[in-house]
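So the structure is just underneath, and the comments pick up after that.
Residue numbers begin at 1 in each chain, while the letters A, B, ... track the order of the sequences.
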Number of protein chains: 2
Amino acid sequence: MYRPIMHSPELLKGTLQTILLKVLQGNGKMYGYEITQKVKELSVGRILLTEGALYPALHKLEADGLLQTETVLIGKRVRKYYTITVTGKSLVKERIMEFKDFIKTMSAVLQVQIV
Amino acid sequence: MYRPIMHSPELLKGTLQTILLKVLQGNGKMYGYEITQKVKELSVGRILLTEGALYPALHKLEADGLLQTETVLIGKRVRKYYTITVTGKSLVKERIMEFKDFIKTMSAVLQVQIV
DNA sequence: GGGCGATACATAAGAGAATTATGTATATAA
DNA sequence: TTATATACATAATTCTCTTATGTATCGCCC
């Protein structure tokens, strides 16, 4: 089992759902472990999703109708594929707009220049 | 009493300390209520600090030696002024660097353009 | 052939940071 | 005179994540 150490764990709070939805929107059908690897790659090793956060989050997104699943047997191993739904796609748009707005607001408050 | 509604409360998590330190660094001696007003102004009404978050956060920063206080009587009302310490100044620099890094990472993962 | 790291799922206990609610009190403007 | 703004504070609750634990397969290397 891996033990992730995130760069700034506090700041990540509240961004997990958005990350999951966005990655699934951009890469089609994906399974949990695959998502962690993709996020690790996109973040250049800075965001390492923990299983304890990942799986409950995926389950919640599914329960909310934002993702749908398909279970596949690979050899003797179960793999659960997730796909983003139409509702999920519209939510991810909204969430990303919110995130951009958040960056803008925070930059004003902290008076930092965003490249 | 005011009932603040933040634009994206989840995202704000973990940024409160940084906001407080930065505002105090930029404006010298300030008291709690004054800070909420300044943050509201800088964020164009998007960040409305709640008292339940603000005061415990200020107390913690003081306990950690990042802020120091001075209590003043204005008429019959108590006012507690906060000033940032040398330690606090070095921390705020670090925190802002972390925040910039966080934005960079998130922008890569969400594949959004930061203006 | 046996052990280790990577793959792959899942849930439960605990921590941390905020919201929401509540309490107290003064100042001011309509 | 009464509502709103100013000004502090703490407690209960909620939410989200970390940490810990559990189970099991796959593939490589010695």
Give a yes or no answer on whether the side chain of B:D101 reaches the backbone of B:M97 with a donor-acceptor pair at less than 3.5 Å. no
Candidates D:dC8, C:dA18, D:dC17 - which lies nearest the side chain of A:L16: D:dC17
Is B:T15 close to A:F102 at the side-chain level, that is, under 4.5 Å between some pair of heavy atoms? yes
Considering just the side-chain nitrogens and oxygens of A:Y31, establish if one lies under 4.0 Å of OP1 or OP2 belonging to C:dA8. yes
Round to the nearest Å and state the distance from B:K60 atom NZ to D:dT10 atom P. 15 Å
Donor-acceptor pair, A:T85 side chain versus A:L66 backbone, under 3.5 Å? yes
Of the residues in residues 69-80 of chain B, which ones touch DNA chain C at a heavy-atom distance under 4.0 Å? B:K76, B:R77
Can you tell me the distance, in whole Å, between the OH atom of A:Y55 and the P atom of D:dG22? 18 Å
Any base atoms under 4.0 Å from B:G32, or only sugar-phosphate, or nothing? Heavy atoms, all strands. sugar-phosphate
Side chain of A:A53 (C-beta onward), nearest among D:dC17, C:dT11, C:dA8: D:dC17
For B:K100 and A:Q113, which heavy atoms make the closest approach, and how far apart are they? CE-O, 3.9 Å
Looking at A:Y82, is its backbone amide N or carbonyl O close enough to the side chain of A:T69 to form a donor-acceptor pair, meaning the two atoms are under 3.5 Å apart? no
Between D:dC17 atom P and A:I47 atom CD1, what is the distance in whole Å? 12 Å
Tell me the interatomic distance from A:L58, atom CG, to C:dA8, atom C1', rounded to whole angstroms. 13 Å
Examine A:K80 relative to A:Y31 and say whether NZ or CZ is less than 6.0 Å from the centre of the six-membered ring and inside a 45° cone about the ring axis. no
For atom CD of B:E51 and atom C1' of C:dG23, their distance in whole Å: 11 Å
So which nucleotide from D:dA7, C:dG16, D:dA9 ends up closest to the side chain of A:K13? C:dG16
In whole Å, I'd like the distance from the NE2 atom of A:H59 to the P atom of D:dC17. 14 Å
